Amino acid sequence: MDDPEHEDAREAALEGEYNPTEVEAKWQERWVEAETYAYEGAADPNTAYAIDTPPPTVSGSLHMGHLYGHTLQDFAARFQRMANGEVLFPFGYDDNGIASERLTEEDLDIRHQEYERREFQRLCREVCAEYEAEFTEQMQGLGTSIDWSHTYKTIEPRVQRISQLSFLDLYEKGREYRKNAPAIWCPECETAISQVETEDDERDAHFNDIAFELTGNAPREEFVISTTRPELIPACVSVFIHPDDDANQDLIGETARVPIFGHEVPIIADDRVDTEKGSGVVMCCTFGDRNDIEWYHAHDLPLRVAIDETATMTDLAGDYEGLSTAEARTEIVEDLESEGHLRDRREIVHAVGVHERCDTPVEYRVSKQWYIEILDHKQEYLDAGAEMEWYPEKMFSRYRHWIEGLEWDWLISRQRDSGIPFPVWYCTDCDHPVMAEREDLPVDPLSDEPPVDACPKCGGESFEPEEDVFDTWATSSLTPLINAGWDWDEESGEFRMEHPELYPFDLRPQGHDIISFWLFHTIVKCYEHTGEVPFDATMINGHVLDENREKMSKSEGNVVDPAEVMDEYPIDAIRFWAASAAVGDDFPYQDQDIVAGEKLIRKLWNASKLVDDLAPADPDEPEELEAIDRWLLAELDAAVADLTDHLESYEFAKARNRLRTFFWNTFCDDYLEIAKTREDSASTGYALRRAHRTFLTLWAPFLPHVTEEIWQALYASEGELAETSLHTGKWPSPQGYDADLAAGETAMEVVSALRRYKSERQLPLNADLERVAVYGPIEGFEGVIRDVMHVSELEALEDPPEITTEVAAIDLDYSKVGPEYGSKVGEIDAGIESGEYEVRDGTLRVAGEELGSELFEVERERTYSGDGEMVETESAVVVVSE
RNA sequence: GGGCUCGUGGUCUAGCUGGUCAUGACGCGGCCUUUACAAGGCCGAGGUCGGUGGUUCGAACCCGCCCGAGCCCA
């Protein structure tokens, strides 16, 4: 396998049984080696088809979602490459965020706090590189037509530069700001974490009912709030009442005094109060939970920080300063009780947010964060989404609802070690931000100097570097710009793209779970930078469920490992399964579908061997094709047209099923059996080869390995693989064959009927039939029927055989009768049912009405009284005499 | 709790701008060596189209409610 000479020595060959293990590995290797799928550039944006592929997060190995998603993309890429020319099918890794840090910590069993930032980043790169190499190998094992010379990693310097350029551009456009805001914080790990790193956990706790006094001329003296976190009362900034809470209406607008600490807070109405819980009166602290944060934003409340980054009470907590939150809770409850403010205390179990890794309940801490302003451009982003084609269309509503529900701007700063740094320093004296120069990017403010000696605002001469890094989505939302080679051109003073013909991209494929993340954020960024919608179309794929239609989850232990599936089945068969679901629908992993794919591959292989046996290698097209051959090629034309339509609309399941039915039933079961009897026909020889070549190209996007193997064995010309590969060849177009389709169809019906006849009598299919008479349109196909069914004498009847008929039933055409007779239809039905009707001169008299012949059909039961056996088909009557 | 989506023979699915007999595959039963394929061919059995109420002459399809599942947001 290492020796390419040896490789070439065993060229593709159509002998014996198909060996997918060997053949698939061979072509995967040769495709990559020959750079078969390299994007070679195109001058015209209309001929370049570009896919903005999802960069997988490096978090271990390939899962079924990767396999499925990339296979769908590959269907599109392979079809477009054959049909329209140049295709960019790139690949990237998202290795710059929290996921890669956590992977590193787990893999090396370390904590990032134990290392210098640079050192930890280095470890991250090393660990990620290992996982990426393994992942790449698995991806190549999928046989996708990715251009492996066109890849990126989100942590690489080129992408860091693009991320920082994006930040500077949006800042200059006035679309970014920095302000104090709360973030989820783990006091154990001493770091901000994202919401996806938290989970709910049931914990024992106490509900404490605490009395607050009212100030001034209040309607009553006090009220009671319930809380599980009494240590937060020094951080209390307001009290909330539900606007519909009749019992407490009188409190709205009053001022409350916080017990022990004595500060005064307003009482405000807000419908986010849960009236079912406790007394219906809630205190808002900065910050106890996510609701507090919403209220803080909505009512512009002051900030009182009573807990620091290590979960220790601050000076705001007065006498309790320096205690842990747990200690403070105990002491504050005791003091409330002794001062008479504690009215009740009871045990409860409730859900608290904890850090999924250390199970520590999270806090909400305030720090200065960078935001991208998006709320003021909601309409633009909605319009941008509406401009794209959505496959399936229904997914647009998810995007729309997400945008309509947006309440906060996009927080892009993260307090992490291994992301892409903000290219910003702050003046130590006045906090004025100093941005890096574009030509210097990428920069790391922690090690690089700011581009100025003095603060342009106050003249101060010392600067603090920004320590935060970008949110992962802030970078992965730039993938179209990364793939198109977006950069700042110093000379012209504007942004340029290395491959402007790729942008906007033709397709954005992704799962339905990240419409609100990847797709939305990409539209925000690209729209703001370029003023254009970044995609013509988006294809939203569903999720792969387990064989019982349950979601795959590690804790349930029902995760299917693609490596095992790929070990057991040919990739082409797995791809056949991947094409079984309508795009957008969730669908189960079922190996019966993969087995069906295996059977198809075998069928294609065996049929190819037969075609090669029956037909000369490269026959010329005869002057005139015989009816049966012209019929096949006309049907093939129709299949080509249908398939092209389906693939252009990303309807892979429809394309797959259409092609399978035509190939298996029409070509193999019907035509090939006929072709066996016509080996010396130049017409059939030509049609066989024409159809066979076409089938290989039509199957190529779905079954790239087996089709390439057969193609190379039979049809490829001499030369480099990148030129001779089936996959860089042309997609077929209908050739305009004209045939009597009805006659062909009827002939096939007659053949089926004769097969049924033999089958029912337990005769072998090649048993001889003495005499067969056919009444029906089979002109030009008589000989074909005779030969394939071993009929000694076949007669085409001019007139119907001697049959007696009697009316068996009346079939109404309800689509016409309904609108015309409305509620009378019931009576008409009843009349026919009971036999109280009459058919005369093409008119049906029933229930006092006269129905014209266009409204009904008379179904007759035929009885054959002549010699032999009568068999009926849809459009013919067949009489068999043995 | 809110939004979106899905629910068709044992399993997976097509059909869903309403019009008699609901498509195909896998599985199951029976029969058969057509010049490749028995891992093939032919035939057959198997469905109250999640439940319920409504609109209509007529509903798998349109509308309401309920049940179950998935995703996103709280």
Side-chain angles (χ1 to χ4, degrees), chain A residues 14 17-18 195 272 274 276 290-291 294 392 394-402 404-407 511-517 540 542-543 545 547-551 576-577 580-582 584-614 653-654 656-658 660-661 664-665 668-669 672-677 679 751-767 787-790 809-829 832 856-857 859:
Chain A
L14 275 194
E17 299 207 340
Y18 179 61
Q195 204 209 324
R272 278 164 281 202
D274 182 357
E276 303 294 304
R290 299 178 63 83
N291 224 10
E294 279 193 36
K394 65 190 177 190
M395 288 295 173
F396 175 63
S397 57
R398 294 206 188 187
Y399 178 83
R400 182 161 53 83
H401 283 99
W402 163 256
E404 286 169 354
L406 280 175
E407 286 176 2
H512 56 58
D513 52 332
I514 51 172
I515 291 173
S516 53
F517 289 95
I540 308 292
H543 284 182
L545 308 173
E547 63 271 24
N548 301 315
R549 283 200 146 273
E550 305 273 328
K551 182 191 167 188
F576 188 76
W577 157 78
S580 70
D585 285 356
D586 290 348
F587 74 121
Y589 168 80
Q590 293 255 123
D591 43 22
Q592 63 174 42
D593 253 326
I594 303 183
V595 170
E598 259 185 311
K599 289 186 177 183
L600 174 68
I601 294 168
R602 207 172 293 125
K603 192 78 177 174
L604 180 57
W605 179 261
N606 287 320
S608 298
K609 285 203 297 188
L610 180 61
V611 168
D612 200 36
D613 269 359
L614 294 175
K654 283 184 185 172
R656 178 194 98 142
N657 295 337
R658 172 75 169 91
R660 186 192 178 280
T661 302
W664 199 305
N665 301 121
C668 292
D669 292 346
L672 278 183
E673 290 307 330
I674 291 166
K676 284 174 184 174
T677 66
E679 208 170 345
V751 169
S752 290
L754 294 175
R755 279 193 195 131
R756 204 177 314 132
Y757 176 89
K758 292 182 180 180
S759 182
E760 278 164 5
R761 282 156 188 75
Q762 304 189 8
L763 295 167
L765 285 168
N766 61 353
D787 292 345
V788 76
M789 290 321 293
H790 298 89
I810 302 289
D811 286 338
L812 294 177
D813 183 346
Y814 286 93
S815 64
K816 293 190 183 119
V817 176
E820 199 169 329
Y821 291 93
S823 54
K824 197 85 203 257
V825 173
E827 281 177 57
I828 295 172
D829 274 337
I832 293 171
F856 69 98
E857 252 178 66
E859 197 175 297

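Values reported hereafter were calculated over all heavy atoms of this structure, with side chains retained and with hydrogens, waters and symmetry mates removed. In this text, all values refer to a predicted model and were calculated from it rather than measured experimentally. Below, chains carry the letters A, B, ... as their sequence lines are ordered, and counting in each starts from 1.
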- Is the closest basic N to carboxylate O distance between A/R400 and A/E404 below 4.0 Å? yes
- Query: Using atom P of each nucleotide, how far apart are B/G40 and B/G3 to the nearest Å?
  - Reply: 49 Å
- Note on the structure: Looking only at B/C72, B/C12, B/G70, the nucleotide nearest the A/D513 side chain is B/C72
- Message: Work out how far the P atom of B/G24 is from that of B/G9, and round it to whole angstrom.
- Response: 16 Å
- Query: Base, sugar-phosphate alone, or nothing: which one does A/K654 contact when heavy atoms must sit under 4.0 Å apart?
  - Reply: sugar-phosphate
- Note on the structure: The Watson-Crick or G-U wobble partner of B/G68, with both key distances under 3.5 Å, is B/C6
- Any strand, both distances under 3.5 Å, Watson-Crick or G-U wobble: B/G40 pairs with B/C32
- Taking every non-hydrogen atom, the tightest pair across A/S580 and A/A653: O-CB, 3.6 Å
- Item | Considering all heavy atoms, the nearest A/M789-A/K758 contact | O-NZ, 2.8 Å
- Message: Can you check the distance between B/U13 and B/C21, where both ends of the measurement are the P atom (answer in whole Å)?
- Response: 23 Å
- Sorted by chain and residue number, the side chain to side chain contact (heavy atoms under 4.5 Å, CB included) partners of A/P392 (sequence neighbours excluded) come out as A/K394, A/M395, A/I540, A/V583
- Of the nucleotides B/A36, B/C32, B/C4, which one has an atom closest to the side chain of A/N606? B/A36
- Task: Provide the closest heavy-atom pair for A/L765 versus A/H790 in the form atom of the first, atom of the second, distance.
- Result: O-ND1, 4.3 Å
- Nearest-Å distance, CG (A/L763) to P (B/G30)? 20 Å
- Looking at A/T677 and A/V788, what are the two nearest heavy atoms and their distance? CG2-CA, 4.1 Å
- Task: Please report, rounded to the nearest Å, how far the C1' atom of B/U33 is from the NE2 atom of A/H790.
- Result: 13 Å
- Once base and sugar-phosphate atoms are separated, protein heavy atoms under 4.0 Å mark nucleotides 41-49 of chain B, 5' to 3', with B, S and - as SBS------
- Query: Starting at CD1 of A/I828 and ending at P of B/U20, how long is that distance when rounded to a whole Å?
  - Reply: 16 Å
- Note on the structure: To the nearest angstrom, the CG-C1' distance between A/L545 and B/U5 comes to 13 Å
- Item | Nearest-neighbour nucleotide for the A/W402 side chain, B/C72, B/U33, B/U13 considered | B/C72
- Proximity to the side chain of A/D593 - top-ranked nucleotide from B/C12, B/U35, B/G19: B/C12
- Among B/G70, B/C4, B/U35, the one nearest A/K551 by side-chain distance: B/G70
- Task: Determine the interatomic distance between P on B/G44 and the same-named atom on B/C26; round to the nearest Å.
- Result: 16 Å
- Message: Quick check against the 3.5 Å criterion: does A/R656 have a side-chain atom that pairs as donor or acceptor with the backbone of A/F576?
- Response: yes
- Message: Can you measure A/D585 atom CG to B/G7 atom P for me and round it to whole angstrom units?
- Response: 8 Å
- Closest non-hydrogen atoms of A/Q590 and A/W577, given as atom of the first, atom of the second and distance, are N-NE1, 3.9 Å
- Note on the structure: Which of B/C4, B/A36, B/U34 is nearest the side chain of A/R398? It is B/C4
- Query: At their closest point, which heavy atom of A/H512 faces which heavy atom of A/D586, and how far apart are they?
  - Reply: NE2-OD1, 3.0 Å
- Given B/U5, B/A36, B/A14, which nucleotide is nearest the side-chain atoms of A/K394? B/U5
- Message: Categorize A/E679 for me: base, sugar-phosphate, or nothing, with a 4.0 angstrom heavy-atom threshold over every strand shown.
- Response: base
- Query: Any donor-acceptor pair under 3.5 Å joining the side chain of A/R549 to the base of B/A69?
  - Reply: no
- Options B/G3, B/C71, B/C12, nucleotide nearest the side-chain atoms of A/H512: B/C71
- Message: Between the base of B/U11 and the side chain of A/Q590, is one N or O donor paired with an acceptor at under 3.5 angstrom?
- Response: no
- C1' atoms of B/A39 and B/G27, separation to the nearest Å: 15 Å
- Message: Applying the Watson-Crick and G-U wobble criteria at under 3.5 Å, what pairs with B/A60? Answer none if nothing qualifies.
- Response: none
- Item | Selected nucleotide, minimal atom distance to A/Y814 side chain, candidates B/U20, B/U33, B/A36 | B/U20
- P atom, B/U17 versus B/C28: distance in rounded Å? 36 Å
- Please state how far atom CG in A/D591 lies from atom P in B/G27, giving the value in whole angstrom units. 11 Å
- Task: With RNA chain B as reference, determine whether A/N766 or A/D586 sits nearer its 5' end, using the nearest nucleotide of each.
- Result: A/N766
- Task: Provide the distance between the two P atoms, one in B/A59 and one in B/G53, to the nearest whole Å.
- Result: 13 Å
- Message: Taking B/C6 as the reference, what is the distance to B/G50 when you measure between their P atoms (whole Å, please)?
- Response: 13 Å
- B/G27, B/U35, B/C72: which one has an atom nearest the side-chain heavy atoms of A/K599? B/G27
